[in-house]
Amino acid sequence: MTFREAVWRLVRRIPRGRVATYGQLAALLGRPRAVRAVGGALRRCPADLPWHRVVNAQGAISARPRMSSMLTQRIRLEGEGVAFRRGRVVLRAHAWRAWRRLP
DNA sequence: GACTTGACTAGAC
DNA sequence: AGTCTAGCCAAGT
């Protein structure tokens, strides 16, 4: 199991209407400093992954090569009821509280 | 094995 | 609040 695959597995568990940050995923995987690697894992991820539920530590959608992808992410999140405020997800309301669910 | 490359982050101004 | 920087790390070459 590569790190990348572990990231994908974890991303699949993020519930609808909630978001996780790159740093949070890295921490949950036991590699709190591998944040950039998490980004790398999402850069090439399966299409069926709920990749749109991952945002950066500020709640913003991280920059990427194609602007359309960023727009898609926002549309999908709003479609799940995730609220934005000044261009950012309201983390206080939608952060995935994984620590309450993991063993 | 030595670089390089990012969908990152926290800290310093 | 915006901008910069150094540190970090899995993967690909």
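Below, read A as the first sequence line, B as the second, and so on, with proteins coming before strands; counting in each chain starts at 1. Fair warning: this is a prediction, and the values are worked out from it, not measured in the lab.
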Distance-only donor-acceptor hits, side chain of residues 83-94 of chain A, under 3.5 Å, sequence neighbours excluded:
| residue | atom | partner | partner atom | Å |
| --- | --- | --- | --- | --- |
| A:His94 | ND1 | A:Val90 | O | 3.4 |
| A:His94 | NE2 | A:Gly81 | O | 3.4 |

Are A:Val11 and A:Val19 connected, step by step, through hydrophobic side chains (Ile, Leu, Val, Met, Phe, Trp, Tyr) whose heavy atoms are closer than 4.5 Å? no

Do A:Val7 and A:Trp96 share a hydrophobic cluster, counting only Ile, Leu, Val, Met, Phe, Trp and Tyr and linking them when any side-chain heavy atoms are less than 4.5 Å apart? yes

Taking every non-hydrogen atom, the tightest pair across [X] and [Y]:
X: A:Arg76; Y: A:Trp51; answer: NH1-NE1, 3.5 Å
X: A:Thr21; Y: A:Ala57; answer: CG2-CA, 4.1 Å
X: A:Ile61; Y: A:Asn56; answer: C-ND2, 4.4 Å
X: A:Val55; Y: A:Ala60; answer: CB-O, 3.4 Å

Output the residues of [range] in contact with DNA chain B, where contact means a heavy atom of the residue under 4.0 Å from an atom of the strand; sort by number or write none.
range: residues 66-74 of chain A; result: none
range: residues 78-92 of chain A; result: none
range: residues 37-55 of chain A; result: A:Gly39, A:Leu42, A:Arg43, A:Trp51

Is the side chain of A:Trp8 donor-acceptor paired with the backbone N or O of A:Leu49 at a distance under 3.5 Å, no angle test? no

Nearest-nucleotide check on DNA chain C, A:Arg36 vs A:Thr2; residue mapping nearer the 5' end is A:Arg36

Return a table of donor-acceptor pairs under 3.5 angstrom between the side chains of residues 64-73 of chain A and protein atoms on other chains or two or more places apart.
| residue | atom | partner | partner atom | Å |
| --- | --- | --- | --- | --- |
| A:Arg64 | NE | A:Ser62 | O | 3.3 |
| A:Arg64 | NH1 | A:Ser69 | OG | 3.2 |
| A:Arg64 | NH1 | A:Gln73 | OE1 | 3.1 |
| A:Arg64 | NH2 | A:Ser62 | O | 3.3 |
| A:Arg64 | NH2 | A:Gln73 | OE1 | 2.9 |
| A:Thr72 | OG1 | A:Ser68 | O | 2.9 |
| A:Gln73 | NE2 | A:His52 | O | 3.0 |
| A:Gln73 | NE2 | A:Val54 | O | 2.8 |

Chain A reaches DNA chain C, atoms under 4.0 Å from its heavy atoms, from C:dG7 to C:dG12

Once Watson-Crick and G-U wobble pairs under 3.5 Å are found, how is DNA chain C written in dot-bracket notation, 5' to 3', with | for any base paired to another strand? .||||||.|||||

For A:Arg16, the salt bridge (Lys or Arg N to Asp or Glu O under 4.0 Å) test, sequence neighbours excluded, returns none

How would you label the contact of A:Tyr22 with the nucleic acid (heavy atoms, under 4.0 Å): base, sugar-phosphate, or nothing? base

Quick one: which residue pairs count as a salt bridge (Lys or Arg N to Asp or Glu O under 4.0 Å) with a foot in residues 47-59 of chain A, not counting sequence neighbours? A:Arg12-A:Asp48, A:Arg53-A:Glu80

By side chain to side chain donor-acceptor pair (under 3.5 Å), which residues pair with A:Arg9, not counting sequence neighbours? none

Please set out all donor-acceptor pairs under 3.5 angstrom arising from side-chain atoms of residues 26-40 of chain A, sequence neighbours excluded.
none

How would you give the extent of chain A contacts on DNA chain B, as first and last nucleotide 5' to 3' within a 4.0 Å heavy-atom cut-off? B:dG6 to B:dA10

